[in-house]
Amino acid sequence: QVQLVESGGGLVQAGGSLRLSCVASGSIFSFDRMRWYRQAPGKERELVAGISSGGTTNYANSVKGRFTISRDNAKNTMYLQMNNLNPEDTAVYYCALDSGLRRSWGQGTQVTVSS
(Lines give C-alpha, C1' and ligand atoms only; values in the text may rest on other atoms or scores of the structure.)
Protein backbone atom coordinates (compact mmCIF):
# COMPACT_ATOMS: atom_id res chain seq x y z
CA GLN A 1 0.00 0.00 0.00
CA VAL A 2 1.42 3.34 -1.12
CA GLN A 3 0.16 6.72 0.01
CA LEU A 4 0.90 10.03 -1.70
CA VAL A 5 0.15 13.37 -0.08
CA GLU A 6 0.42 16.67 -1.95
CA SER A 7 0.83 20.05 -0.32
CA GLY A 8 1.81 23.60 -1.18
CA GLY A 9 -1.14 24.72 -3.27
CA GLY A 10 -2.92 27.99 -2.75
CA LEU A 11 -4.01 31.28 -4.25
CA VAL A 12 -1.42 33.50 -5.92
CA GLN A 13 -1.40 36.45 -8.26
CA ALA A 14 -0.22 36.16 -11.84
CA GLY A 15 3.55 36.23 -11.96
CA GLY A 16 3.89 34.67 -8.54
CA SER A 17 5.43 31.37 -7.47
CA LEU A 18 4.47 28.25 -5.56
CA ARG A 19 6.29 25.07 -4.62
CA LEU A 20 4.30 21.85 -4.48
CA SER A 21 5.45 18.82 -2.51
CA CYS A 22 4.45 15.17 -2.73
CA VAL A 23 5.44 12.78 0.03
CA ALA A 24 5.26 9.04 -0.58
CA SER A 25 4.89 6.53 2.21
CA GLY A 26 3.98 2.90 2.68
CA SER A 27 5.29 -0.18 0.93
CA ILE A 28 7.28 1.12 -2.01
CA PHE A 29 9.04 -1.80 -3.64
CA SER A 30 10.16 0.09 -6.71
CA PHE A 31 10.49 3.79 -7.43
CA ASP A 32 10.58 3.99 -11.20
CA ARG A 33 9.12 7.39 -12.01
CA MET A 34 7.13 10.23 -10.46
CA ARG A 35 4.90 12.68 -12.30
CA TRP A 36 2.83 15.77 -11.76
CA TYR A 37 -0.54 16.04 -13.48
CA ARG A 38 -3.12 18.79 -13.37
CA GLN A 39 -6.80 19.07 -14.16
CA ALA A 40 -8.66 22.32 -14.74
CA PRO A 41 -12.46 22.55 -14.47
CA GLY A 42 -14.13 21.03 -17.51
CA LYS A 43 -10.85 19.76 -18.95
CA GLU A 44 -9.03 16.44 -19.09
CA ARG A 45 -6.20 15.65 -16.74
CA GLU A 46 -2.88 16.48 -18.38
CA LEU A 47 0.73 15.61 -17.70
CA VAL A 48 2.75 18.55 -16.40
CA ALA A 49 6.16 17.04 -15.69
CA GLY A 50 7.88 13.77 -14.94
CA ILE A 51 11.11 12.67 -13.31
CA SER A 52 12.84 9.30 -13.35
CA SER A 53 14.54 7.62 -10.44
CA GLY A 54 17.83 8.86 -11.87
CA GLY A 55 16.68 12.47 -12.19
CA THR A 56 15.86 12.67 -15.89
CA THR A 57 13.03 15.17 -16.41
CA ASN A 58 10.43 16.05 -19.00
CA TYR A 59 7.89 18.87 -19.18
CA ALA A 60 4.77 19.86 -21.00
CA ASN A 61 5.47 22.60 -23.51
CA SER A 62 3.15 24.96 -21.66
CA VAL A 63 5.33 24.93 -18.53
CA LYS A 64 8.85 24.64 -19.95
CA GLY A 65 11.10 27.33 -18.57
CA ARG A 66 8.69 28.13 -15.74
CA PHE A 67 8.30 24.88 -13.76
CA THR A 68 11.01 22.65 -12.32
CA ILE A 69 10.44 19.11 -11.10
CA SER A 70 12.81 17.51 -8.61
CA ARG A 71 12.95 14.71 -6.07
CA ASP A 72 14.64 13.89 -2.80
CA ASN A 73 14.87 10.13 -2.68
CA ALA A 74 16.07 10.09 0.93
CA LYS A 75 12.79 11.75 1.93
CA ASN A 76 10.58 9.97 -0.63
CA THR A 77 9.50 13.41 -1.75
CA MET A 78 8.91 15.04 -5.12
CA TYR A 79 8.65 18.78 -5.72
CA LEU A 80 7.29 21.07 -8.38
CA GLN A 81 8.65 24.60 -8.32
CA MET A 82 6.26 26.83 -10.26
CA ASN A 83 7.40 30.31 -11.28
CA ASN A 84 5.78 33.05 -13.33
CA LEU A 85 2.35 31.55 -12.84
CA ASN A 86 -0.53 32.63 -15.04
CA PRO A 87 -4.30 32.05 -14.80
CA GLU A 88 -4.05 29.16 -17.27
CA ASP A 89 -2.11 27.26 -14.60
CA THR A 90 -5.18 27.18 -12.36
CA ALA A 91 -6.01 23.53 -11.70
CA VAL A 92 -5.91 20.74 -9.18
CA TYR A 93 -2.40 19.30 -9.23
CA TYR A 94 -1.92 15.58 -8.64
CA CYS A 95 1.14 13.55 -7.77
CA ALA A 96 1.59 10.13 -9.37
CA LEU A 97 4.08 7.37 -8.64
CA ASP A 98 4.86 4.46 -10.92
CA SER A 99 6.06 1.48 -8.92
CA GLY A 100 6.56 -1.41 -11.28
CA LEU A 101 3.28 -1.74 -13.15
CA ARG A 102 1.28 0.02 -10.43
CA ARG A 103 0.21 3.68 -10.60
CA SER A 104 -0.51 5.44 -7.31
CA TRP A 105 -2.21 8.84 -7.04
CA GLY A 106 -2.45 11.54 -4.42
CA GLN A 107 -5.63 13.42 -3.57
CA GLY A 108 -4.51 16.62 -5.28
CA THR A 109 -3.84 20.18 -4.21
CA GLN A 110 -5.60 23.25 -5.60
CA VAL A 111 -3.61 25.95 -7.35
CA THR A 112 -5.47 29.14 -8.22
CA VAL A 113 -3.81 32.02 -10.08
CA SER A 114 -5.61 35.35 -10.20
CA SER A 115 -5.11 37.94 -12.91
Got [X] and [Y] here, is their nearest side-chain heavy-atom distance under 4.5 Å?
X	Y	answer
Gln110	Thr90	yes
Ile69	Met78	yes
Cys95	Trp36	yes
Ser62	Arg38	yes
Ser27	Gln1	no
Tyr94	Leu4	no

At what distance, to the nearest 0.5 angstrom, does [atom1] of [X] lie from [atom2] of [Y]?
X	Y	atom1	atom2	answer
Lys75	Ser25	NZ	OG	15.5 Å
Leu80	Thr68	CG	OG1	8.0 Å
Arg35	Leu97	CZ	CG	10.0 Å
Ser52	Asp32	OG	CG	9.5 Å
Thr112	Gln13	OG1	CD	13.0 Å

Hydrophobic cluster membership, with links at side-chain heavy-atom distances under 4.5 Å among I/L/V/M/F/W/Y: are [X] and [Y] in one?
X	Y	result
Val92	Met82	no
Tyr79	Val48	no
Met34	Val2	yes
Val111	Tyr59	yes
Val113	Leu18	yes

Closest heavy-atom contact between Gly108 and Glu6? N-OE1, 2.8 Å
Please report the shortest heavy-atom distance between Pro87 and Ser114, naming the atom on each side. CG-C, 4.5 Å
Does atom CD of Gln107 have more than 12 heavy-atom neighbours from other groups under 6.0 Å away? no
Look at atom CZ of Arg103 and say whether more than 12 heavy atoms of other residues, nucleotides or ligands are closer to it than 6.0 Å. yes
Option among Asn84, Asp89, Asn83 that satisfies the side chain to side chain contact (heavy atoms under 4.5 Å, CB included) test with Phe67: Asp89
